[in-house]
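To start, the structure under review is shown below, and the notes come after it.
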Amino acid sequence: MFAEQTLGLADHYLRRARNCTIGFIDGKVKSRKNDSLTWLVSKPSDEQKSIIVFSIAEAKKMRTHLAKRQDSISKIQDQIATEKRPKKDSSYRRKLEKKLNLVLNNNADLSAVLPELSIEQTEIVRTVLSNMSVLNGLYIEHLWFTEQMQNILYHGHIISVKITGKVPKATICYWTNEATEEEGEDEKICILHLLTDYIAGDMVFVDFPNL
């Protein structure tokens, strides 16, 4: 019975003040259940004033404490989520790359292997896998995830494509917003890695032909 009354009061106050904090609801319910106001009214006016001033000061301390604790919890949750993301990404990307490899080397049907791709993604991936030289000269926007758990957006210019060998690679000049293409650095990237990042949403083609 007590539990039902307490939950009923909490629901009542929450419906009346939907933007209030849990601490406010907690205080209102406790005040109602232990007859705090009746007890306060029974005190002399001077004592009432002292109790109210003391209560306000303590409530302020409690709000500050709870805010700091919630901030710490949020930071810990963000850190855990950030640390888990590379592991999830790594597993997801390995599966994507295996499927792309099946299409490239085993002539598997792209739509059957990756049915979740959009029409545009399917067209771009199929075009690249059938004719990788189409990448030559294209500009891209590429999001890199660093070891320091930070996302950095790089501008890229695909300078050349090397198709010979088991692992086709593209040479890409990368630079940040603070630099220019002339100040960029060249990186050799596996084309399947590049397509994996494209499908995962971490890379976009700025000027893919016929789009």
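For clarity, every value in this text was computed on a predicted model and none was experimentally measured.
Here the side chains of Trp39 and Ile51 are in contact, with some heavy-atom distance below 4.5 Å. Using a 4.5 Å cut-off on side-chain heavy atoms (C-beta onward), Ile159 and Ile172 make no contact. Residues Thr127 and Phe208 are in side-chain contact: their nearest non-hydrogen atoms beyond the backbone lie under 4.5 Å apart. Here the side chains of Leu104 and Met132 are in contact, with some heavy-atom distance below 4.5 Å.
Not counting sequence neighbours, the partners of Glu58 by the salt bridge (Lys or Arg N to Asp or Glu O under 4.0 Å) test are Lys61. When the side chain to side chain contact (heavy atoms under 4.5 Å, CB included) test is applied to Gln121, the partners found at least two apart in sequence or on another chain are Leu117, Ser118, Tyr198. Taking Asn131 as the reference, Ser133 meet the side-chain hydrogen bond (donor to acceptor under 3.5 Å, both in side chains) condition, with sequence neighbours excluded. The side chain to side chain contact (heavy atoms under 4.5 Å, CB included) check on Val113 picks up Lys99, Val103, Ala108, with sequence neighbours excluded. By the side-chain hydrogen bond (donor to acceptor under 3.5 Å, both in side chains) test, Glu141 is found to be paired with His155, residues two or more places apart in sequence or in another chain being considered. For His142, the side chain to side chain contact (heavy atoms under 4.5 Å, CB included) partners at least two apart in sequence or on another chain are Ile140, Trp144, Tyr174, Leu194, Asp197, Met203. In this structure, the side chain to side chain contact (heavy atoms under 4.5 Å, CB included) partners of Thr171, at least two apart in sequence or on a different chain, are Ser160, Asp186, Lys188. Residues meeting the side-chain hydrogen bond (donor to acceptor under 3.5 Å, both in side chains) test with Ser50, sequence neighbours left out: none. Looking at residues two or more places apart in sequence or on another chain, you find no side-chain hydrogen bond (donor to acceptor under 3.5 Å, both in side chains) involving Glu185.
Residues in residues 105-117 take part in these side chain to side chain donor-acceptor pair (under 3.5 Å) pairs, two or more places apart or across chains: Asn101-Asn105, Ser111-Arg126. Applying the side chain to side chain donor-acceptor pair (under 3.5 Å) definition to pairs two or more places apart or across chains, none involves residues 40-49.
Its side chain within the 4.5 Å cluster rule, Tyr139 clusters with Trp175, Val206 among the Ile, Leu, Val, Met, Phe, Trp and Tyr residues.
Remark: Ile189 CD1 to Thr196 OG1 distance equals 11.5 Å, nearest 0.5 Å. For the atom pair OG1 of Thr176 and CD1 of Ile152, the computed distance is 8.5 Å after rounding to the nearest 0.5 Å. The CG atom of Leu96 sits 5.0 Å away from atom CD1 of Ile199, with the distance rounded to the nearest 0.5 Å. With rounding to the nearest 0.5 angstrom, the CD1 atom of Ile124 is 12.5 Å from the CD1 atom of Ile119. For the atom pair NE2 (His157) and SG (Cys173), the distance works out to 8.5 Å, reported to the nearest 0.5 Å. For the atom pair Leu114 CG and Thr122 OG1, the distance stands at 8.0 Å (nearest 0.5 Å).
Cluster annotation: Val125 is connected to Ile163 through the hydrophobic network of ILVMFWY side chains, with a link wherever side-chain heavy atoms come within less than 4.5 Å. Placement of Leu100 and Val167 in two distinct hydrophobic clusters is found when ILVMFWY residues are connected by side-chain heavy-atom separations under 4.5 Å, directly or transitively.
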